Amino acid sequence: MSEPTMSLDSEGTDSGGLMPLPGIGGGHGELALFGGLSGDVDMPKPYANAITLIERTYLVGSRGFGDSGADETMLHGLTQAANTAGANTDDESPVRLRLEREPQDAQDRWAVRVYVGGTPIGYLRAHENEIIARLMDAGKYVYAEYLETETLGEYHRLWVKLVLDD
């Protein structure tokens, strides 16, 4: 039976049996295989979770869609997209709404505006937006999932769920 041999690199240290790849990755050839030292590779995140922050809340500033940029056609499209997503059992993906911070808002420094595509449709409520805003300011990805629209005469209340991708 032969004794295991130690492979020494050019500096005389044990390389753990890894073969160096000269000229790749700035002397760290083994790491270059995995995208380098900077972590440039989009590796799967086995423990990534979608964390529900607020199970059910409604947007403000969207009641009549006045100057929000949204209109009845957009509302119909949003409702139809949600119904289609819910009816298709193979695709359990709800309609995602984009959140955007508005830290310069004079009335609320924690303001978070909600968008469908590029169209603003309302804001998170003031008593719920500070934690969401702080998470977003820290670089976390938070989004809203459309749940339903409650129509009250001419007014529309959009219900959403707030989710953190972590």
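As the structure is a prediction and not an experimental result, all values here were calculated from the model. Values below: every heavy atom of this structure, side chains too, minus hydrogens, waters and symmetry copies.
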Of all heavy-atom pairs between Leu97 and Val114, which one has the smallest distance, and what is that distance? CB-CG1, 3.8 Å
Shared ILVMFWY cluster between Tyr143 and Leu135, side chains joined below 4.5 angstrom? no
Do Met136 and Val112 have side-chain heavy atoms sitting under 4.5 Å apart? yes
All heavy atoms of Arg98 vs all of Gly117, minimum pair found to be NH2-O, 3.3 Å
Could you list the donor-acceptor pairs under 3.5 angstrom formed by side chains in residues 159-166, with sequence neighbours left out?
| from | atom 1 | to | atom 2 | distance (Å) |
| --- | --- | --- | --- | --- |
| Trp159 | NE1 | Glu150 | OE1 | 3.0 |
| Asp166 | OD1 | Lys140 | NZ | 3.4 |

Leu147 vs Leu158 side-chain heavy atoms within contact, under 4.5 Å: no
Could you check whether Thr57 and Arg125, counting side-chain N and O atoms only, form a donor-acceptor pair closer than 3.5 Å? yes
Leu53 and Ile131: CA distance, side-chain angles, deciding distance, side-chain contact (heavy atoms from CB on, under 4.5 Å) verdict: CA-CA 9 Å; Leu53 300 173; Ile131 292 172; over 6 Å; no
Quick one, Arg96 and Tyr146 - any side-chain contact, counting heavy atoms below 4.5 Å? no
Taking Ile51's backbone N and O only, do any of them form a donor-acceptor pair with Asn49's side chain (distance below 3.5 Å, no angle check)? no
Search all heavy atoms of Arg101 against all heavy atoms of Ala111 and return the closest pair with its distance. NH1-O, 3.0 Å
Any side-chain to backbone donor/acceptor pair from Arg109 onto Gln104? Under 3.5 Å, distance only. no
When rounded to the nearest 0.5 angstrom, what is the spacing between CG in Leu124 and NE2 in His127? 10.5 Å
Listed partners of Tyr115 passing ring pair (Phe, Tyr, Trp, His ring centres under 6.0 Å), at least two apart: none
Using a strict threshold of under 4.0 Å (side-chain N to carboxylate O), is an ion pair present between Arg113 and Glu100? no
State whether Arg56 and Glu148 are salt-bridged, where the test is any N-O pair (Lys NZ or Arg NE/NH1/NH2 against Asp/Glu carboxylate O) under 4.0 Å. yes
Which pair of heavy atoms, one from Trp110 and one from Asp137, lies closest together, and at what distance? CZ3-OD2, 4.1 Å
